[in-house]
Protein chains: 2
Amino acid sequence: MSEVEEPMRLVHLLRGLTVELDLFGAEFASRNGLHPTDLRALIHLLDAARAGEVVTPGRLGEALHLNSAGTTGLVDRLERLGLIRRERDPQDRRRVRLLVEERAMELGQGFFGGLIGDLLAAMGRFEPGELAVARRFLEAMAEVVATARQQERAGAEAGKK
Amino acid sequence: MSEVEEPMRLVHLLRGLTVELDLFGAEFASRNGLHPTDLRALIHLLDAARAGEVVTPGRLGEALHLNSAGTTGLVDRLERLGLIRRERDPQDRRRVRLLVEERAMELGQGFFGGLIGDLLAAMGRFEPGELAVARRFLEAMAEVVATARQQERAGAEAGKK
DNA sequence: GCAAGTATCTCGCTGAACGAGAGAATAACG
DNA sequence: CGTTATTCTCTCGTTCAGCGAGATACTTGC
């Protein structure tokens with residue numbers, strides 16, 4: 001086994017892990033009558049709610065790379081399912097605030113709850129020092145991907161004539 | 001910072017990383033006139049080709065959770081783009097083998113090449129022992145997700161009446 | 001050689017997402 | 001203030017990926 005074998009295996013592991021997580025999400029979604037987009041939206045909304053941020057259809061669509069028409073459809077769907085509620089912002093009545101309903105939190109709990117518990121349990125079998133290494137590692141990888149994404153974006157801009 | 005803070009941050013890091021990778025893939029795909037599904041199919045086909053395995057439309061569709069009609073559409077698309085080629089299996093003429101064209105490999109190189117290089121470079125800044133820890137960590141996480149996925153599947157089966 | 005089995009493809013349809021633009025409210029400026 | 005510009009959201013018509021059902025082509029077993 002050469003010197004580069006080990007890192008290469010790590011790359012594949014990383015990719016495999018993202019694929020697994022993706023599939024897990026997709027299966028959970030279809031099992032609950034949601035589309036992958038709906039689940040991603042829900043995750044975004046729950047994260048924002050936990051952080052105390054106000055989310056509008058505009059922001060949500062931007063985060064998910066949907067245009068306004070697609071966003072309206074998405075919000076309609078989530079509202080019809082009773083997962084969120086629309087409410088006009090009293091300050092700026094052009095805006096609509098998206099409020100997550102109780103049911104959405106429960107659903108999120110069902111999705112994450114179990115998995116997060118298992119992940120934490122598995123992490124419990126590592127030394128604190130090892131977890132610190134894992135964290136540094138993940139942070140380094142995340143930064144690389146984020147940087148690559150920006151370069152990709154820059155390339156897209158340039159290629160647009 | 002309590003004892004559970006650190007692992008929880010790791011969970012969020014992990015999720016954030018998968019989101020970033022996903023977005024990176026989606027952006028690369030649309031930049032090349034592909035759909036996310038097309039890119040996933042291409043990755044699967046390239047992996048299989050490297051492993052020397054024969055992929056048929058049936059296998060591909062199964063891997064991507066598409067039904068036969070959707071799979072035909074996908075293969076049509078990839079063939080029209082000149083990324084793969086259909087070829088009837090001489091042994092069993094019911095089957096069709098999917099062969100990746102040169103162009104697909106180049107595209108895959110364009111997608112992965114740069115990113116993998118950057119990831120490897122970032123890994124180079126870690127000690128061998130640290131990389132071993134990262135690997136054990138990722139393997140543990142992957143296993144948890146895979147297990148959770150099977151449970152989810154089992155639940156889906158049961159819930160199906 | 002005929003029935004059953006397997007692999008792929010065709011047809012018609014649903015619905016998510018797109019582009020364009022309308023509608024409604026606020027901000028900015030004279 | 002009132003008129004114009006701006007910002008946010010939603011509507012309309014369209015496109016196209018993926019679905020269910022079933023047709024077609026080939027193989028295998030009896």
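Note that these values count all heavy atoms, side chains included, but never hydrogens, waters or copies made by symmetry. Letters A, B, ... are given to chains in the order of the sequence lines, protein chains preceding strands, and every chain is numbered from 1.
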- [ ] May I ask you to decide whether E27(A) forms a salt bridge with R31(A), counting only side-chain N to carboxylate O separations under 4.0 Å?
- [x] no

Open item on the list: Go nucleotide by nucleotide along DNA chain C from the 5' end; which of G58(B) and R94(A) gets its closest nucleotide reached first?
Closed with: G58(B)

Which atom pairs link the protein and nucleotides 15-18 of chain D when you take only N or O atoms and keep those under 3.5 Å?
residue : atom : partner : partner atom : Å
dA17(D) : OP1  : H35(B)  : NE2          : 2.7
dA17(D) : O5'  : R77(B)  : NH1          : 3.4
dG18(D) : OP1  : T37(B)  : OG1          : 2.5
dG18(D) : OP2  : R77(B)  : NH2          : 3.1

Open item on the list: Applying a 4.0 Å non-hydrogen cut-off, can you work out what R86(B) is touching in the nucleic acid: base, sugar-phosphate, or nothing?
Closed with: sugar-phosphate

- [ ] Look at the side chain of S68(B) and decide which nucleotide, out of dT27(D), dG22(D), dG21(C), has an atom nearest to it.
- [x] dG22(D)

Open item on the list: Using the rule that Ile, Leu, Val, Met, Phe, Trp and Tyr join whenever any side-chain heavy atoms are under 4.5 Å apart, tell me whether L78(B) and V54(B) fall into a single cluster.
Closed with: no

Open item on the list: Run the ring-ring contact (aromatic ring centres under 6.0 Å, His included) test on F111(B) and F24(B) for me, step by step, so that the C-alpha distance in whole Å, both residues' side-chain angles and the decisive distance to 0.1 Å come before the verdict.
Closed with: CA-CA 9 Å; F111(B) 175 43; F24(B) 180 76; 5.4 Å; yes

Open item on the list: Just the rounded figure in Å: distance from P of dC8(D) to CG of L98(A).
Closed with: 14 Å

Open item on the list: Would R149(A) pass as a cation-pi partner of F28(B), given that its NZ or CZ must be under 6.0 Å from the six-membered ring centre and within 45 degrees of the axis?
Closed with: no

Task: d(CG, D92(A); P, dT7(D)) in whole Å - done: 12 Å

Open item on the list: Please report the distance, rounded to the nearest Å, between CZ in R95(B) and C1' in dA25(D).
Closed with: 15 Å

TODO: Let me know the distance between CZ of R80(A) and P of dC10(D), rounded to the nearest Å.
DONE: 13 Å

Open item on the list: Classify T56(B) by what it touches in the nucleic acid, base, sugar-phosphate, or nothing, heavy-atom distance under 4.0 Å.
Closed with: sugar-phosphate

Task: Heavy-atom side-chain proximity of R59(B) to H44(B) below 4.5 angstrom - done: no

- [ ] For D76(A) and dA17(C), give me the distance from atom CG to atom P, rounded to whole Å.
- [x] 12 Å

- [ ] May I have the distance from L78(A) (atom CG) to dT9(D) (atom P), rounded to whole angstrom?
- [x] 15 Å

Task: Between dA24(C) (C1') and D89(A) (CG): distance, integer Å - done: 15 Å

Open item on the list: Has R77(A) got a side-chain atom pairing as donor or acceptor with D38(A)'s backbone, closer than 3.5 angstrom?
Closed with: no

Open item on the list: Rounding to an integer number of Å, can you tell me how far E62(B) CD sits from dT8(C) P?
Closed with: 11 Å

Open item on the list: Using the rule that Ile, Leu, Val, Met, Phe, Trp and Tyr join whenever any side-chain heavy atoms are under 4.5 Å apart, tell me whether L10(A) and V133(B) fall into a single cluster.
Closed with: no

